[in-house]
Amino acid sequence: MQRHADVREREEAYDAIVVGAGFAGLYMLHRLRGLDLKARVFEAGDGVGGTWYWNRYPGARCDIESMEYSYQFSEELQQEREWTERYSAQPEILRYLNHVADRFDLRRDIELGVRVAAAHFDETSGKWSVETNQGRKSSARWLVMATGCLSQPNRPAIDGLERFEGAVYHTGTWPHEGVDFTGQRVAIIGTGSSALQSIPVIAAEAGQLYVFQRTATYSVPARNAPLDPEVQRRVKADYKGFRARSNAEWGAAYFNANPAPALSASADERQAIYDERWEIGGLQFIGSFADLLVSKEANDTAGDYLRRRIREVVKDPATAELLSPQQVFACKRPCFDTDYFETFNRPNVTLLDAKTYPIEEFTVAGLRTAQASYAFDSLILATGFDAMTGSLLAVDIRGRGGESLNQAWAAGPRTYLGLSVAGFPNLFIVSGPGSPSVLTNMVPSIEQHVNWIADCIGDVRAKGLGLIEATVPAQDAWVDRVNAIAETTLYPTCNSWYLGANVPGKPRVFMPHIGFPPYVAKCNEVVANGYEGFKLSPAPAEPALADA
Ligand code: NA7
């Protein structure tokens, strides 16, 4: 008993531990405080902000509009905020999150520069024992992983990176002081969202830019501009109604979804709708027709339209051809750009086909493909993330019987509602695999999760209980549901990170739940039915402290 008491004294004891201080972790802390819980947030970065703390590459910008990409839990906060652009750039969002941390006095319970290495469920105490990578231990009844969907950088499995003598950057861990590429020879690998945003900015600075493209990306102009004060005033006059309209869309953002199928329109009608939405820019293009992600024939009409737009902009026909995506439109995440395709008309930008001629190795001076060698001063890895599961599996999480999350998810992630994992009591994931998350506007998705988790903890405590865990049948049924919905769409037809296909060896499972409104309805139904699919039980009795 003495030993037990000593160990417990050494551990810092909390009611709840939250891992991560981005949009999810900050609001989670606020809600936990509202339950009068002693909560602690551990954040690996040296500042709050999560995604917006790390992703500082040139041109980094949100592609959800500013009036929507913000918290709605505080009417005062959303009324006070003056956004400056249609889409906020990374520094503005980071300033906003810092403001939130100050405004709600969150910092005193956040520890920065602390990476959680392990979290083990102790069946005797019914608590989570958490260890940081500096070996500090703490315990808590509740553990919330607010570690983000796109926070574990994916580095390409290409030989010899250590040989390269120039500078190497990953878009997801960009230096805070920025990088001056003036006059340099720069190579960038990848043409996803991060690359599409950074390439036009870097091309304007660099002497020579080599773009190594494996898969061409669909993109629609973002049409970013200063935010019209009149638009801002109108939204604020009825922010609640504005949010309700967005939350009713399948992606929790205003797509202005057209309920008509593309195939029921004439070619001229289709063209008119695509033209109109092309001019508006951004998300609304995806909302052009209701059948774009369920019918290949309908999808081809959007693909053809976008490929024609590329040919109109890019002067060199071979480059235009190489930039033209062949996969299903929006199957991989489509991008919203500012002058991306125009950039390939610059004399200092060279597009290279890394699919036909894969990068074979890095060399001292640059890299070698199956076709040629390239020398450059700086290398940018715009190669994305081990999405949705990477940041969770990077922590040694162990549930009942010492089973690790890595073992439990060996064949792919399995959750109930994307929030909870069978065998891991009182562990919650914000925007985990099996939740709508990355297919939605992340901020309302996060708020919905955090509200659900906080209400759940409050309800469990109000019942005089201390443990809640998903049952295996409920989890199995949820995984089946997520897969069944995906199978009715074209999403599983391409090698996207939604499927884990971007990380060699990762199990190929479609991870997001498609559709925000039905997801929210199901979460509410689970609560209304007394936490259907969960097992609730009392916490183990606290052992008496021994005196000697
Ligand atoms: P993405 O969208 O995952 O893009 C990564 C890019 O890197 C993509 O074009 C990949 O090609 C490419 N890639 C990855 N590995 C290689 C190798 N080995 N060789 C050549 N090319 C490679 O990441 P982003 O950071 O752009 O965006 C992530 C999300 O952040 C984005 O969707 C937004 O939600 C914000 P591939 O397509 O796999 O052939």
Side-chain angles (χ1 to χ4, degrees), residues 22-23 50-52 54-64 69 87 90 93 148-161 169-174 187-199 210-219 222 251 253 282-283 286 322-323 325-328 330-337 340 351-362 367-370 374 379-388 390-391 431 436-443 445 491 494-506 508 511-512:
F23 267 102
T51 290
W52 301 103
W54 295 103
N55 285 268
R56 299 173 187 236
Y57 57 83
R61 185 180 295 284
C62 188
D63 50 19
I64 301 283
Y69 195 79
Y87 306 90
Q90 174 270 335
I93 303 175
C149 296
L150 296 159
S151 39
Q152 189 71 12
N154 176 38
R155 287 174 174 262
I158 300 170
D159 272 356
L161 189 53
Y169 308 97
H170 190 288
T171 48
T173 51
W174 202 259
I188 184 163
I189 300 178
T191 49
S193 299
S194 305
L196 260 78
Q197 291 188 334
S198 56
I199 282 169
Y210 296 111
V211 178
F212 289 89
Q213 170 191 275
R214 191 165 64 183
T215 308
T217 302
Y218 287 106
S219 189
L283 267 188
I286 304 174
L322 191 52
L323 284 168
Q326 301 305 321
Q327 71 276 11
V328 161
C331 179
K332 286 181 174 233
R333 198 176 187 283
C335 300
F336 310 132
D337 70 278
Y340 174 65
L351 180 68
L352 296 148
D353 178 358
K355 179 168 267 160
T356 312
Y357 306 107
I359 301 166
E360 297 202 330
E361 61 167 356
F362 293 103
L367 64 77
R368 190 176 60 73
T369 70
Y374 300 87
L379 170 67
I380 300 168
L381 302 174
T383 44
F385 302 89
D386 182 353
M388 304 197 74
S391 59
S431 56
S437 56
V438 292
L439 288 179
T440 65
N441 175 0
M442 289 298 294
V443 186
S445 267
Y491 276 113
C494 67
N495 291 324
S496 69
W497 54 255
Y498 302 140
L499 271 168
N502 64 326
V503 175
K506 187 166 173 172
R508 211 182 154 99
M511 293 182 278

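Read the numbers this way: they start at 1 and go in the same order the structure lists the ligands and their atoms.
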Practice task
Might you work through the side chain to side chain contact (heavy atoms under 4.5 Å, CB included) test for Arg508 and Asn495, ending with a clear yes or no?
Solution key: CA-CA 9 Å; Arg508 211 182 154 99; Asn495 291 324; 2.9 Å; yes

Does an N or O anywhere in [X] fall below 3.5 Å from an N or O of ligand 1?
X	value
Ser193	yes
Asn502	no
Asn154	no

What protein heavy atom sits nearest [atom], and how far off is it?
atom	result
atom 12 (C) of ligand 1	Gly190 CA, 3.5 Å
atom 9 (O) of ligand 1	Thr191 N, 2.9 Å
atom 39 (O) of ligand 1	Thr215 OG1, 2.5 Å
atom 23 (O) of ligand 1	Gly384 CA, 3.1 Å
atom 20 (C) of ligand 1	Ile189 CG2, 3.6 Å
atom 3 (O) of ligand 1	Trp497 CD1, 3.2 Å

Handout entry: Leu161/Leu381 under side chain to side chain contact (heavy atoms under 4.5 Å, CB included): CA gap, chis, key distance, verdict
Key = CA-CA 11 Å; Leu161 189 53; Leu381 302 174; 4.2 Å; yes

Going by the order shown, which atoms of ligand 1 are within less than 4.0 Å of some heavy atom of [X]?
X	answer
Pro156	18 (N)
Lys332	36 (P), 37 (O), 38 (O), 39 (O)
Gly192	2 (O), 4 (O), 6 (C), 9 (O), 26 (O)

Problem - Shortest reach to atom 32 (O) of ligand 1 by a heavy atom, considering only Gln327, Arg214, Arg333 - result: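 The option holding the nearest heavy atom is Arg333.
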
Problem - Option whose closest heavy atom lies nearest to atom 27 (O) of ligand 1, chosen from Pro153, Ser194, Ser151 - result: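 That would be Ser194.
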
Any idea which heavy atoms bring [X] and [Y] closest together, and the distance?
X	Y	answer
Tyr340	Leu323	OH-CD2, 4.0 Å
Tyr87	Gly282	OH-CA, 3.7 Å
Pro156	Thr383	CD-OG1, 3.6 Å
Leu322	Leu352	CD2-C, 4.3 Å

Practice task
Tell me which part of Ala382 gets within contact of ligand 1: side chain, backbone, both or neither, using heavy atoms under 4.0 Å.
Solution key: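 Near ligand 1, Ala382 shows its backbone, while the atoms from C-beta on stay back.
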
Exercise for the section: Determine whether the side chain, the backbone, both or neither of Leu150 has a heavy atom under 4.0 Å from any heavy atom of ligand 1. Expected result: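 Leu150 to ligand 1: side-chain contact only, backbone stays beyond 4.0 Å.
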
Problem - Expected output: side-chain Thr191 to main-chain Thr215 donor-acceptor under 3.5 Å - result: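 Yes, the answer is positive, given that a donor and an acceptor are paired below the 3.5 Å cut-off.
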
Practice task
Spell out, as yes or no, whether a donor-acceptor pair under 3.5 Å connects the side chain of Gln213 to the backbone of Leu351.
Solution key: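 Between the backbone of Leu351 and the side chain of Gln213 there is no qualifying donor-acceptor contact (under 3.5 Å).
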
Problem - Contact check, Phe385 vs ligand 1, heavy-atom distance below 4.0 Å - result: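 Contact check Phe385 vs ligand 1: positive.
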
Problem - side chain to side chain contact (heavy atoms under 4.5 Å, CB included) between Asn55 and Phe385, worked out - result: CA-CA 12 Å; Asn55 285 268; Phe385 302 89; 3.6 Å; yes

Practice task
Mind telling me whether Tyr491 and Tyr498 have parallel, tilted or perpendicular rings, with 30° and 60° as the class edges?
Solution key: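 Geometry flag for Tyr491 against Tyr498: perpendicular rings.
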
Handout entry: Verdict with reasoning, Thr369 to Tyr374, per side chain to side chain contact (heavy atoms under 4.5 Å, CB included)
Key = CA-CA 8 Å; Thr369 70; Tyr374 300 87; 3.9 Å; yes

